[in-house]
Each structure stands twice: as C-alpha cells, then as structure tokens.
J.: 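Questions regarding the structure given below will be posed in turn.
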Amino acid sequence: MSHTPHELHDEFPDDAETLHELKTGSAHFTKLSDKYHELNREIHRIEAGVEASSDARAEDLKKERLVLLDEIAAMISQAKAGAK
C-alpha cells in the first residue's frame, strides 16, 4: 500500500505543458481533473489512516480513479497528436 499521492503531474511527468493546456482549454478535462484530485485526496486520507473506510470502499475508489486516469491519458494522447 502506497502512502504517496498520485497527482497528475506525477502520473504524467513529461506532459506538464499538455496538462496545463487541457486544464485551461477544456471544461471537460477540468471536470475530470478535479474529480481525479478529489478521489485521489480521499484515497490518500484512507491510506494514511486519517479517514476510516472499508476495504471494499477503498478499492472502489481506486478503480474509479483508474477509470478517470485512463480517460485523462487518452485526452493527453489526443491533444499531443493534434499538436503535431
């Protein structure tokens, strides 16, 4: 179990500029990013023992975070392909 937050800039260290462009230019990306950060903070609080949660709830949150991460990764790939 990791107690390290999984921030987007950590997940996509080579895509800081693309993340910024998407965040400022896409309301949908901003919504996804905000939801990702909300879930991420909740998972981090659970893993750090600050917030109580069942194992099933924690796993559901992690799965939801992965779905968002996949969608964010796809948007990053599309933005980079469109920039070429």
Side-chain angles (χ1 to χ4, degrees):
M1 174 171 25
S2 169
H3 296 295
T4 305
H6 296 261
E7 299 297 333
L8 285 177
H9 62 272
D10 295 327
E11 296 290 337
F12 303 100
D14 298 330
D15 297 316
E17 185 177 324
T18 304
L19 286 169
H20 177 72
E21 289 172 5
L22 285 167
K23 183 95 179 193
T24 59
S26 170
H28 179 64
F29 182 85
T30 300
K31 183 178 176 181
L32 290 177
S33 175
D34 290 347
K35 181 65 177 172
Y36 176 86
H37 286 297
E38 177 185 320
L39 282 171
N40 195 46
R41 284 189 297 268
E42 185 174 355
I43 292 165
H44 182 63
R45 287 191 305 270
I46 291 167
E47 289 180 340
V50 174
E51 190 173 306
S53 175
S54 68
D55 288 344
R57 169 83 174 135
E59 288 304 311
D60 287 345
L61 291 171
K62 288 178 184 179
K63 288 176 185 174
E64 190 175 348
R65 179 176 65 182
L66 285 174
V67 168
L68 287 171
L69 196 60
D70 286 345
E71 190 170 349
I72 289 167
M75 290 184 77
I76 290 169
S77 292
Q78 288 174 346
K80 289 171 73 174
K84 290 183 180 180

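Heavy-atom basis, side chains included; hydrogens, waters and symmetry copies ignored.
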J.: Give the minimum heavy-atom separation between Ala58 and Ser53, together with the two atoms involved.
T.: N-OG, 3.7 Å

J.: Decide yes or no for Val67 and Tyr36: does some side-chain heavy atom of the first lie under 4.5 Å from some side-chain heavy atom of the second?
T.: no

J.: Run the side chain to side chain donor-acceptor pair (under 3.5 Å) test against Arg45 and tell me which residues pass, sequence neighbours left out.
T.: Glu51

J.: Could you tell me whether the side chain of His44 reaches within less than 4.5 Å of the side chain of His6, counting heavy atoms only?
T.: no

J.: Ignoring hydrogens and angles, tell me if any N or O in the side chain of Ser77 forms a donor-acceptor pair with the backbone of Ala73 under 3.5 Å.
T.: yes

J.: Does some side-chain heavy atom of Arg57 sit less than 4.5 Å from a side-chain heavy atom of Leu61?
T.: yes

J.: Work out which heavy atom in Leu39 is nearest to a heavy atom in Glu64; give both atom names and the distance.
T.: CD1-CG, 3.5 Å

J.: Count the heavy atoms belonging to other residues, nucleotides or ligands that lie under 6.0 Å from CG of Asp70, then report whether that count exceeds 12.
T.: yes

J.: Could you give the distance from CG (Leu68) to CD (Glu71), rounded to the nearest 0.5 Å?
T.: 7.0 Å

J.: What is the distance from atom NE2 of His28 to atom CG of Leu22, rounded to the nearest 0.5 Å?
T.: 10.5 Å

J.: Decide salt bridge (Lys or Arg N to Asp or Glu O under 4.0 Å) for Lys62 and Glu47; before the verdict, give the C-alpha distance in whole Å, the side-chain angles of both, and the deciding distance to 0.1 Å.
T.: CA-CA 11 Å; Lys62 288 178 184 179; Glu47 289 180 340; 3.2 Å; yes

J.: Who are the side-chain contact (heavy atoms from CB on, under 4.5 Å) partners of His9, not counting sequence neighbours?
T.: Glu7

J.: Side chain to side chain donor-acceptor pair (under 3.5 Å) with Asp34: which residues, sequence neighbours excluded?
T.: Lys23

J.: How long is the gap from CD on Glu59 to OG on Ser54, to the nearest 0.5 Å?
T.: 9.5 Å

J.: Supply the atom-to-atom distance Glu38 CD to Ser33 OG, rounded to the nearest 0.5 angstrom.
T.: 11.5 Å

J.: Would you mind reporting whether Ile72 and Phe12 have side-chain heavy atoms less than 4.5 Å apart?
T.: yes

J.: For a 4.5 angstrom cut-off between non-hydrogen side-chain atoms, does Leu69 reach Leu8?
T.: yes

